[in-house]
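Working notes for the structure below.
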Amino acid sequence: MARARPRLIRTARALGFVAALAIVGYVAYRAIRDAPPRHLDWPLLVPAAAAALVWWTLLARGWALLMSGAWTRADAVTWCRTQALRYLPGGIWAPASRLAVVGGSARVRLSTVAAENVGALCAALAVGGAGLFLSGRPAWLPLVLGLAAPALLARLRLLPERAPGTVPNYLLGFVAYALASVLAQAAVSGWHDPFAVAGAAGIAWAAGLVVVVAPSGIGVREVVYVGLLSQVLPEGELAAGAVTMRLVTIAAELLVLALSGRSLRHLRPANG
């Protein structure tokens with residue numbers, strides 16, 4: 001029985017990888033099928049995809065920092081594979097699945113998963129607020145103050161001690177996300193108020209995270225993005241830019257998932 005256990009765990013990990021890849025691949029297929037036909041400036045999508053890849057990698061690193069205090073391949077791979085579950089109806093399956101891999105009491109598990117979401121949310125809102133401020137909308141600047149929330153919540157023992165240390169990581173990640181959004185929108189409609197586009201992208205991502213009933217924020221992020229930029233570009237071009245950005249991020253996710261498949265043999269459990 002003891003010999004069979006490591007083999008069962010390896011098989012489960014392999015099946016989980018295949019399932020994650022299938023889910024993201026299906027979402028990519030649906031997004032491509034539903035995307036409106038438009039002329040794209042394809043060279044701009046290359047740096048957009050690179051920026052999205054940086055963003056995705058830093059999100060995975062944020063989870064590793066919470067789990068181990070440093071980058072570990074095992075933690076990053078776990079995050080990437082469980083993150084694919086966010087596309088399932090309900091929108092809560094990715095964080096729920098990560099509860100199972102956090103050690104400790106129920107309180108520790110919940111606070112660790114909460115820290116990931118709070119850190120990412122505050123960083124996205126801060127980048128969004130700064131972008132909209134730089135575009136001439138000063139009312140959005142106070143969102144930057146949210147970067148202090150993880151430290152405050154950690155002092156109140158509502159989040160783990162490692163939570164404040166993830167803030168610079170998530171902030172850099174959402175700067176990369178904002179850059180990818182600007183490039184994706186420029187590929188559709190040319191360069192128009194990049195700070196506004198960057199800010200709207202950050203706010204829209206945060207809105208999609210908060211509205212948990214929308215799988216991966218699909219629909220919510222697009223509506224918020226278009227609404228915030230309605231005075232900058234026509235609605236059709238904004239919608240096309242939002243869809244293009246989603247395809248760019250899916251491409252980055254698929255690449256990371258494919259690379260994580262090569263790590264299966266390195267994550268074998270010790271014989272028990």
Side-chain angles (χ1 to χ4, degrees), residues 13 16-17 20-21 24 47-87 94-104 108-128 130 146-151 153-154 159-181 198 201-202 205-206 208-209 216-217 245 248-264 266-267:
R13 284 174 173 161
F17 164 70
L21 204 60
V24 179
L53 186 60
V54 170
W55 165 69
W56 195 254
T57 302
L58 288 173
L59 289 183
R61 183 175 183 267
W63 176 252
L65 291 175
L66 287 169
M67 291 292 291
S68 307
W71 170 271
T72 66
R73 178 169 51 193
D75 290 330
V77 168
T78 296
W79 183 87
C80 290
R81 293 180 186 173
T82 55
Q83 188 66 358
L85 298 177
R86 73 194 188 282
Y87 290 114
S97 66
R98 286 196 279 277
L99 286 171
V101 302
V102 180
V108 170
R109 292 168 183 261
L110 288 170
S111 65
T112 301
V113 173
E116 177 201 2
N117 288 279
V118 169
L121 177 64
C122 292
L125 288 173
V127 170
L147 292 174
L153 293 173
L159 295 182
E161 293 181 355
R162 290 172 176 166
T166 66
V167 172
N169 174 83
Y170 284 126
L171 185 60
L172 182 59
F174 278 96
V175 169
Y177 179 85
L179 175 60
S181 300
W205 189 93
L209 179 67
S216 191
M245 179 57 184
V248 166
T249 57
I250 290 173
E253 182 177 1
L254 279 171
L255 176 60
V256 173
L257 272 175
L259 292 175
S260 76
R262 300 181 59 184
S263 300
L264 279 171
H266 299 296
L267 300 178

Only distances under 3.5 Å count here; give the side-chain donor-acceptor pairs of residues 54-66 to other protein atoms, sequence neighbours excluded, each with its distance to 0.1 Å.
from: Thr57; atom 1: OG1; to: Leu53; atom 2: O; distance (Å): 2.8
from: Arg61; atom 1: NH1; to: Asn169; atom 2: OD1; distance (Å): 3.0

List the atom of Pro150, the atom of Gly146, and the distance in Å for their closest heavy-atom pair. CD-O, 3.7 Å

Thr249 side chain reached by Tyr177 side chain, heavy atoms, under 4.5 Å: yes

Might you point out which heavy atoms bring Ser181 and Ala201 nearest each other, and give the distance in Å? OG-CB, 3.2 Å

Give me the atom names and distance for the closest heavy-atom approach of Ala154 to Pro160. CB-O, 3.7 Å

Return all side-chain donor-acceptor pairs below 3.5 angstrom for residues 108-126, not counting sequence neighbours, or 'none' if the list is empty.
from: Arg109; atom 1: NE; to: Val102; atom 2: O; distance (Å): 3.3
from: Arg109; atom 1: NE; to: Gly104; atom 2: O; distance (Å): 3.2
from: Arg109; atom 1: NH1; to: Leu99; atom 2: O; distance (Å): 2.6
from: Arg109; atom 1: NH1; to: Val102; atom 2: O; distance (Å): 3.0
from: Arg109; atom 1: NH2; to: Val102; atom 2: O; distance (Å): 3.3
from: Ser111; atom 1: OG; to: Arg107; atom 2: O; distance (Å): 3.1
from: Ser111; atom 1: OG; to: Val108; atom 2: O; distance (Å): 3.0
from: Thr112; atom 1: OG1; to: Val108; atom 2: O; distance (Å): 2.8
from: Glu116; atom 1: OE1; to: Arg98; atom 2: NE; distance (Å): 3.1
from: Glu116; atom 1: OE1; to: Arg98; atom 2: NH2; distance (Å): 3.3
from: Glu116; atom 1: OE2; to: Trp79; atom 2: NE1; distance (Å): 2.5
from: Glu116; atom 1: OE2; to: Arg98; atom 2: NH2; distance (Å): 3.2
from: Asn117; atom 1: ND2; to: Val113; atom 2: O; distance (Å): 2.9

Taking only residues two or more places apart in sequence or in another chain, which ones pass side chain to side chain contact (heavy atoms under 4.5 Å, CB included) with Ala49? Val248

Any chance you could measure Ser97, atom OG, to Gln83, atom CD, to the nearest 0.5 Å? 8.5 Å

Closest non-hydrogen atom pair between Ala163 and Leu159, with its separation: CB-CB, 4.0 Å

